[in-house]
Amino acid sequence: MLTTDDKKLIQQVWERVLHHQEDFGTEALERMFITYPQTKTYFPHFDLHHGSDQIRGHGKKVVSALGNAVKSLDNLSQVLSELSSLHAYNLRVDPPHFALQLLSQCFQVVLAVHLGNDYTPEVHAAFDKFLSAVAAVLAEKYR
């Protein structure tokens with residue numbers, strides 16, 4: 001699914017994301033909660049106020065997990081297996097309620113805002129494919 005060029009673009013951009021994981025993750029989650037307020041129901045135990053420790057902590061976890069996936073673009077299923085199991089078996093998040101597609105859209109907006117002209121159509125397409133692949137792998141345990 002990801003071409004060699006896609007992988008190269010993703011890894012190059014990720015070098016810039018590494019230094020801002022918590023900030024980018026927090027911003028993406030906050031954008032998701034504002035743009036798709038129905039997603040707040042999936043986090044009933046969180047303080048959803050701007051910049052809360054829980055949003056910052058979860059944002060960092062999300063972006064860190066994506067970073068692990070970036071390191072293993074050819075082996076996403078293995079790298080994300082534990083996270084997929086966590087959501088399916090422990091957290092018991094129903095697949096239709098798994099907000100990763102919405103969060104992916106918000107994360108791409110964050111990338112576009114912070115990368116500016118470096119967020120080219122080619123980078124956008126590569127990240128869209130990458131985040132779709134991540135979402136598919138995370139939903140694997142539901143099948």
Side-chain angles (χ1 to χ4, degrees), residues 1-36 38-48 51-143:
M1 180 191 231
L2 292 170
T3 67
T4 302
D5 287 341
D6 291 335
K7 293 174 189 176
K8 183 178 176 183
L9 286 171
I10 290 165
Q11 290 167 338
Q12 286 173 345
V13 167
W14 204 259
E15 289 299 317
R16 293 179 60 185
V17 173
L18 279 174
H19 306 292
H20 307 282
Q21 289 185 54
E22 186 173 338
D23 292 334
F24 284 14
T26 300
E27 187 176 334
L29 281 172
E30 288 178 345
R31 283 180 181 277
M32 182 181 74
F33 294 143
I34 291 168
T35 308
Y36 306 103
Q38 70 274 19
T39 59
K40 293 178 183 179
T41 61
Y42 311 137
F43 300 87
H45 56 290
F46 270 34
D47 172 5
L48 298 177
S52 80
D53 288 342
Q54 289 174 312
I55 291 176
R56 291 194 70 75
H58 194 65
K60 186 175 182 178
K61 282 183 191 177
V62 168
V63 177
S64 177
L66 289 175
N68 288 336
V70 168
K71 292 176 192 172
S72 300
L73 291 170
D74 292 322
N75 202 6
L76 291 177
S77 290
Q78 183 177 352
V79 169
L80 297 172
S81 177
E82 187 176 318
L83 191 58
S84 178
S85 294
L86 171 69
H87 283 85
Y89 305 132
N90 294 44
L91 299 175
R92 298 176 189 233
V93 179
D94 293 330
H97 298 145
F98 207 18
L100 190 59
Q101 287 298 104
L102 302 178
L103 183 58
S104 294
Q105 292 170 7
C106 293
F107 186 69
Q108 288 196 64
V109 170
V110 170
L111 289 176
V113 166
H114 290 280
L115 297 177
N117 291 336
D118 291 337
Y119 196 71
T120 64
E122 294 80 14
V123 170
H124 182 142
F127 264 90
D128 193 50
K129 286 193 249 180
F130 166 63
L131 293 170
S132 293
V134 168
V137 167
L138 290 177
E140 282 179 353
K141 302 289 182 182
Y142 294 102
R143 294 181 188 145

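Below, all heavy atoms of this structure are taken into account, side chains as well, without hydrogens, waters or symmetry copies. Count residues from 1 along the sequence.
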Any side-chain hydrogen bond (donor to acceptor under 3.5 Å, both in side chains) involving residues 115-139? Give me the pairs, sequence neighbours left out, ordered by first then second residue. D6-K129, R16-D118, Q108-Y119, Q108-H124, Q108-D128, T120-E122
Taken in chain and number order and not counting sequence neighbours, the residues that satisfy side chain to side chain donor-acceptor pair (under 3.5 Å) with S64 are none
Any non-hydrogen side-chain atom of F130 less than 4.5 Å from a side-chain atom of M1? no
Side-chain touch Q105/V109, heavy atoms, less than 4.5 angstrom: no
Using the side chain to side chain donor-acceptor pair (under 3.5 Å) rule, take E27 and H114 through it: C-alpha gap first, then chi angles, then the decisive distance, then the call. CA-CA 11 Å; E27 187 176 334; H114 290 280; 2.8 Å; yes
Would you call F127 and S104 a side-chain contact if the rule is heavy atoms closer than 4.5 Å? no
Heavy atoms of L29 and I55 approach each other most closely as CD1-O, 3.6 Å
Yes or no on side-chain contact (heavy atoms from CB on, under 4.5 Å) for L73 and Q11, after CA distance, side-chain angles and deciding distance? CA-CA 9 Å; L73 291 170; Q11 290 167 338; 3.8 Å; yes
More than 12 heavy atoms from other groups under 6.0 Å of CG on D53: no
Could you pull out all residues at least two apart from K7 that satisfy side chain to side chain donor-acceptor pair (under 3.5 Å)? D74
At what distance, to the nearest 0.5 angstrom, does CD of Q38 lie from CZ of F33? 11.0 Å
If I take atom CZ from residue F43 and atom NE2 from residue H58, how far apart are they, to the nearest 0.5 angstrom? 4.0 Å
Is the closest side-chain heavy-atom distance between F107 and M32 below 4.5 Å? no
Minimal heavy-atom distance between V134 and A69, with the atoms involved, is CG2-CB, 4.3 Å
For F24 and H20, take the angle between the two ring planes, folded into 0 to 90°, and tell me which bin it lands in: parallel under 30, tilted 30 to 60, perpendicular over 60. parallel
Minimum heavy-atom distance between A133 and L76, given as atom pair plus value: CB-CD1, 3.8 Å
Do K8 and Q12 come close enough that some side-chain heavy atom pair is under 4.5 Å? yes
Kindly give the heavy-atom pair with the smallest separation between D47 and S52, and that separation in Å. O-OG, 2.5 Å
Of all heavy-atom pairs linking V13 and V123, the shortest is CG2-CG1, 3.7 Å
Judged by atom type as modelled, is there a donor-acceptor pair below 3.5 Å linking the side chain of E30 to the main-chain atoms of G51? yes
Quick one, R31 and V113 - any side-chain contact, counting heavy atoms below 4.5 Å? yes
Looking at H45, is its backbone amide N or carbonyl O close enough to the side chain of Q54 to form a donor-acceptor pair, meaning the two atoms are under 3.5 Å apart? yes
If you look at every heavy atom in W14 and L66, which pair is closest and at what distance? CH2-CB, 3.6 Å
Would R56 and D23 pass as an ion pair if we require N to O under 4.0 Å? yes
